[in-house]
Amino acid sequence: MTSLQTPHQVGPGLALPILESRALEAFDARPPGELVTLIASSPLGAVLARFQTERKGEFEWTPTKEGPDIWQVEVFRRKGERGSLRTVNDALSWDHDRLDALEARAFEARGRGDRAEATAVYTVFAFGLRRHIRFEEELLFPEFEAKAGFSSAMGPTAVMRDEHREILECLGRIEGAIGDGASSVDSLRHALHSVLGNHNLKEENVVYPGTDQALTADERDALVARIQAL
Ligand SMILES: [Fe+2]
Ligand SMILES: [Fe+2]
């Protein structure tokens, strides 16, 4: 099979063991900076485990749909060396950039009157941002609080959790209106940007590096692996 014939999408309709090996083949055929989309009718945890063992440090794992009928994941090939250890700051700042790009794409589509595309892309953005907030609150912040010595009721993560509520409120309202050409979502979008922009900067300047500093290299890498698996 030449690289031109190698699909960037693997599945649907493949048994999981076949999907696993096809996913690795398709991933290896992509250069850094590109991604492979995996589509299955059941969760892809076994495929993630395989990547974490056999392509360690080389990929970002981004679920974009989770059931009830379809599970879909984007496996992005990064420039990391095989076997290299991940940091929280690197992995989660990358996800901020990915989400920002999706949000911009959705509004570009709305701007040119393509409401179906705007809705479809915003749905992927909203799924990704909700998942991002969930892994921060369930996995990252407790680790930061325990290791850097802050309580969950006070300090940087308490502010981050409050901002997450504001972000989710704006997100839900935009999600329900972006596909309606007659609705005005510009002020909601502005409200989302004004909280999300500073929020992400504070995480990238304080919470992510603070967590990385408080953990050993192996602990950081294990935390990124747990975040991928959430
Ligand atoms: Fe956050
Ligand atoms: Fe974040």
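Residue numbers count from 1 along this sequence. Read the numbers this way: they start at 1 and go in the same order the structure lists the ligands and their atoms.
For the Fe ion (ligand 1), the neighbouring protein N/O/S atoms at less than 2.8 Å, given as residue and atom, are E136 OE1, H164 NE2, H199 NE2, E203 OE2.
With F27 as the aromatic partner, R55 does not meet the cation-pi criteria of under 6.0 angstrom to the ring centre and within 45 degrees of the ring axis.
In this structure, a donor-acceptor pair under 3.5 Å is present between the side chains of Y208 and E203.
Contact annotation: the side chain of L48 approaches that of F59 to within less than 4.5 Å [non-hydrogen atoms, C-beta and beyond].
Between E143 and L223, the shortest heavy-atom distance links the atoms CG-CD2, 4.0 Å.
Centred on the Fe ion (ligand 2), the angle running from Y208 (OH) to H96 (NE2) is recorded as 80°, rounding to 10°.
Between R161 and E145 there is a salt bridge, with a side-chain nitrogen of the basic residue lying less than 4.0 Å from a carboxylate oxygen of the acidic one. Between E60 and R98 there is no salt bridge, since no side-chain N of the basic residue sits under 4.0 Å from a carboxylate O of the acidic one.
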